[in-house]
Amino acid sequence: MCLTTQALMLFMNLLPPEIVELGDDRIIVRAETRDAIWVAKGDEWCTNAPKLDRAIRFKQGEPA
């Protein structure tokens with residue numbers, strides 16, 4: 001999932017500042033379950049968090 005810088009900053013403004021760690025080319029959002037890491041790619045910021053969450057959900061739903 002990728003967002004423009006403007007869209008990501010609007011999203012970050014909704015979050016408590018103590019869970020957001022800003023870097024030059026990386027932003028980490030410390031969440032309850034796992035961190036979401038946003039990486040600068042050109043004019044956008046991208047994260048694999050939705051893919052990771054989906055993979056974990058489906059793996060947990062598999063029969064033992």
Side-chain angles (χ1 to χ4, degrees):
M1 172 179 166
C2 295
L3 297 174
T4 63
T5 299
Q6 182 181 11
L8 182 60
M9 290 305 120
L10 287 170
F11 168 65
M12 294 295 165
N13 283 326
L14 299 173
L15 302 174
E18 61 270 7
I19 70 166
V20 179
E21 181 181 322
L22 300 174
D24 291 336
D25 63 347
R26 181 179 299 201
I27 297 173
I28 301 172
V29 178
R30 307 277 180 206
E32 288 182 28
T33 307
R34 73 190 60 74
D35 295 347
I37 300 171
W38 292 85
V39 179
K41 292 188 178 181
D43 293 338
E44 295 186 317
W45 289 83
C46 302
T47 183
N48 286 332
K51 289 180 185 177
L52 294 172
D53 290 342
R54 185 172 44 253
I56 290 168
R57 262 195 321 275
F58 283 123
K59 187 168 183 95
Q60 290 174 348
E62 291 177 0

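Panel note: side chain Thr47, backbone Ile37; a donor-acceptor pair is recorded below 3.5 Å.
In this structure, Arg26 places its CZ atom where only 12 or fewer heavy-atom neighbours from other residues, nucleotides or ligands lie under 6.0 Å away.
Residues Ile27 and Leu8 are in side-chain contact: their nearest non-hydrogen atoms beyond the backbone lie under 4.5 Å apart.
Rounding to the nearest 0.5 Å places CD of Glu21 at 8.5 Å from CG of Asp35. With rounding to the nearest 0.5 angstrom, the CD1 atom of Ile19 is 9.0 Å from the CD atom of Glu32. We find the CG-SG distance between Asp43 and Cys2 to be 11.5 Å, quoted to the nearest 0.5 Å.
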>> If you apply the rule side-chain contact (heavy atoms from CB on, under 4.5 Å), what do you find for Trp38 with Leu3, and how did you get there?
In response: CA-CA 9 Å; Trp38 292 85; Leu3 297 174; 3.6 Å; yes

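Screening residues 6-20 for side chain to side chain donor-acceptor pair (under 3.5 Å) gives no qualifying pairs among residues at least two apart or on separate chains.
For Leu15 against Val29, the heavy-atom pair with the smallest separation is CD1-CG1, 3.8 Å. Nearest heavy-atom pair, Trp45 versus Asp24, reported as atom, atom and distance to 0.1 Å: CH2-O, 3.9 Å.
Hydrophobic clustering, with ILVMFWY side chains joined whenever heavy atoms are under 4.5 angstrom apart, groups Leu22 together with Phe11.
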